[in-house]
J.: 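To start, I am sharing the structure in question, which I have written as structure tokens.
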There are 2 protein chains.
Amino acid sequence: MEADTSRIEEYLESIYKLQQEQHPVSTSRLAEHLKLSPPSVSEMVKKLAHKGLVNQIEKGVCLTEEGSRMAKKVIRRHRLSERLLTDVLGFKWDEVHDEACRLEHAISPEIEDRIAESLGNPKTCPHGHPIPDKDGVFVKEIVRPLSELKAREKGIIVSVFEEDPKMLQYLASLGLIPDVCVEVEEVAPFGGPLIVCVSGSRYALGREVASKIKVK
Amino acid sequence: MEADTSRIEEYLESIYKLQQEQHPVSTSRLAEHLKLSPPSVSEMVKKLAHKGLVNQIEKGVCLTEEGSRMAKKVIRRHRLSERLLTDVLGFKWDEVHDEACRLEHAISPEIEDRIAESLGNPKTCPHGHPIPDKDGVFVKEIVRPLSELKAREKGIIVSVFEEDPKMLQYLASLGLIPDVCVEVEEVAPFGGPLIVCVSGSRYALGREVASKIKVK
DNA sequence: CCCATAAATTAGGTATACCTAATAAGTAAA
DNA sequence: TTTACTTATTAGGTATACCTAATTTATGGG
Ligand SMILES: [Mn+2]
Ligand SMILES: [Mn+2]
Ligand SMILES: [Mn+2]
Ligand SMILES: [Mn+2]
């Protein structure tokens with residue numbers, strides 16, 4: 001017994017994440033995110049459905065109550081791992097995603113508890129995403145993508161919806177990290193860049209990039 | 001690509017450990033330690049031999065140069081994980097073996113380095129076993145099992161060659177942990193118990209138990 | 001040297017999670 | 001409504017690492 005659940009966890013984690021963008025998650029989207037072939041995903045999704053972790057509806061897959069509960073546990077372990085890596089071991093925010101993605105499957109409930117406790121029950125990961133508590137509960141802040149702010153509007157960065165190390169390095173180099181205040185100075189028309197002001201400096205940011213940054 | 005090496009690592013780790021007791025390691029001994037059937041081990045050992053990690057000689061299996069190098073890397077990660085768990089996360093020494101046995105496969109060279117660094121390059125795990133450095137080098141202290149001491153002999157506990165949590169709890173409850181000084185007060189004949197004195201208290205210890213405790 | 005037992009391996013099979021190629025189902029433009 | 005994509009699934013296959021049962025290979029006592 002004691003089956004290895006890491007693949008299942010990885011699927012649930014991805015589905016959870018993709019659901020935030022678009023509700024029923026398509027096979028192809030999921031395959032792309034997991035870097036697997038669509039048939040592999042199709043097959044695995046069937047197994048997940050059989051286990052009662054997802055429902056396959058018309059236009060895609062969505063987590064069941066139980067699938068969601070399990071996903072949130074994985075996400076908690078992922079984000080706590082990220083915090084351990086940054087806060088205790090001195091990693092930078094662009095180095096922790098992939099590492100955490102492996103660690104999350106090797107962390108027992110006991111380790112999870114100890115990490116949370118010794119870090120003072122952090123509420124977010126280094127990218128600003130909420131860490132669910134043991135019961136899967138977390139505060140969901142109302143945020144807007146920076147790309148939707150009008151000229152002269154200000155916001156405080158809550159989170160950065162991005163995993164690519166290069167992009168995260170870039171954002172950090174501009175000081176675009178959680179808790180920082182940004183002001184949009186102007187918005188170029190026709191989907192052009194935003195001119196933003198952050199801690200005294202002015203930068204031009206592409207829309208695509210700006211849409212990843214969530215502010216309140 | 002990027003094959004999953006965790007099973008291989010687990011075999012090498014076991015072989016390395018068992019070699020310390022008895023040199024060529026038998027299939028059955030290895031199977032027992034890994035809690036697998038002898039045929040499974042037989043087959044896997046063939047694969048390891050094929051990869052040049054072990055040599056199959058007359059009476060059993062032994063690590064090649066490369067197998068040994070790889071084993072020591074796993075052991076380094078295992079022991080550093082144990083230290084992280086005890087020193088940073090507050091686990092007790094009897095709780096860390098199984099956890100580390102999972103973590104060791106999820107730890108990248110970067111995490112390994114950071115753990116070592118942030119713990120000040122510890123030389124031993126919580127059980128007193130040496131942590132090899134990045135090149136697989138470690139100081140091998142000359143030790144004797146406590147069971148071989150004569151009456152009135154004293155020694156300092158170096159390490160405890162045991163993984164069973166119950167046993168470790170027991171030993172800790174008697175204060176039999178690394179760096180502690182023990183004196184053998186008397187040795188009962190015919191393989192009987194040892195009467196040992198440890199930080200002012202006197203206890204009777206079975207030979208079997210005493211043989212796990214290495215002193216210098 | 002023979003035989004009983006112990007140890008190791010071979011034979012044959014399962015489960016899991018991936019793949020490519022082929023097919024089927026949906027969707028949207030002409 | 002037919003056609004051309006796109007998306008999803010089925011079919012068939014691979015690799016890995018386990019298992020049990022059967023067989024082979026040591027080995028040590030008589
Ligand atoms: Mn993950
Ligand atoms: Mn994060
Ligand atoms: Mn291990
Ligand atoms: Mn140890």
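All values below come from the heavy atoms of this structure, side chains included, with hydrogens, waters and symmetry mates left out. Throughout, a chain's letter reflects where its sequence line sits, starting with A, and its residues are numbered from 1.
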J.: B/L194 and side-chain contact (heavy atoms from CB on, under 4.5 Å): which partner among B/V184, B/L149, B/I213, B/V182?
T.: B/V184
J.: Starting at atom CD1 of B/I8, determine the distance to atom P of D/dT16, rounded to an integer number of angstrom.
T.: 9 Å
J.: Please tell me whether A/H97 and A/H78 have a donor and an acceptor in their side chains that are separated by less than 3.5 angstrom.
T.: yes
J.: Output, in order, the C-alpha distance, side-chain angles, deciding distance and verdict of salt bridge (charged side-chain N to carboxylate O under 4.0 Å, His left out) for A/K72 and A/E13.
T.: CA-CA 8 Å; A/K72 277 185 272 183; A/E13 189 187 18; over 6 Å; no
J.: Are any of B/Q56's side-chain N or O atoms less than 4.0 Å away from OP1 or OP2 of C/dA8?
T.: no
J.: Would a 4.5 Å heavy-atom cut-off, applied to side chains only, mark A/M44 and A/I8 as touching?
T.: yes
J.: Where along residues 36-51 of chain A does a heavy atom come under 4.0 Å from DNA chain D, residue by residue in number order?
T.: A/P38, A/P39, A/S42, A/K46
J.: Would you mind reading off the distance between B/E58 atom CD and C/dT9 atom P, rounded to a whole angstrom?
T.: 13 Å
J.: Between B/I131 and B/I75, is any pair of side-chain heavy atoms under 4.5 Å apart?
T.: no
J.: Do the non-hydrogen side-chain atoms of A/L171 and A/V160 ever get within less than 4.5 Å of each other?
T.: yes
J.: Using whole Å, report how far CZ of A/R7 lies from P of D/dA17.
T.: 15 Å
J.: Looking at B/F161, does the NZ or CZ of B/K214 lie under 6.0 angstrom from its six-membered ring centre and within 45 degrees of the ring axis?
T.: yes
J.: At less than 4.0 Å, is any side-chain N or O atom of A/T27 found next to OP1 or OP2 of D/dT9? Yes or no.
T.: yes
J.: Figure out the CG/P separation between A/D4 and C/dC18, and round it to whole Å.
T.: 11 Å
J.: Only one of B/R83, B/E141, B/E82 passes side-chain contact (heavy atoms from CB on, under 4.5 Å) with B/T124; say which it is.
T.: B/R83
J.: So which protein N/O to nucleotides 25-28 of chain D N/O distances come out below 3.5 Å?
T.:
from	atom 1	to	atom 2	distance (Å)
D/dT27	OP1	B/K59	NZ	3.3

J.: OP1, OP2 of D/dC18 versus side-chain N and O of B/Y11: anything below 4.0 Å?
T.: yes
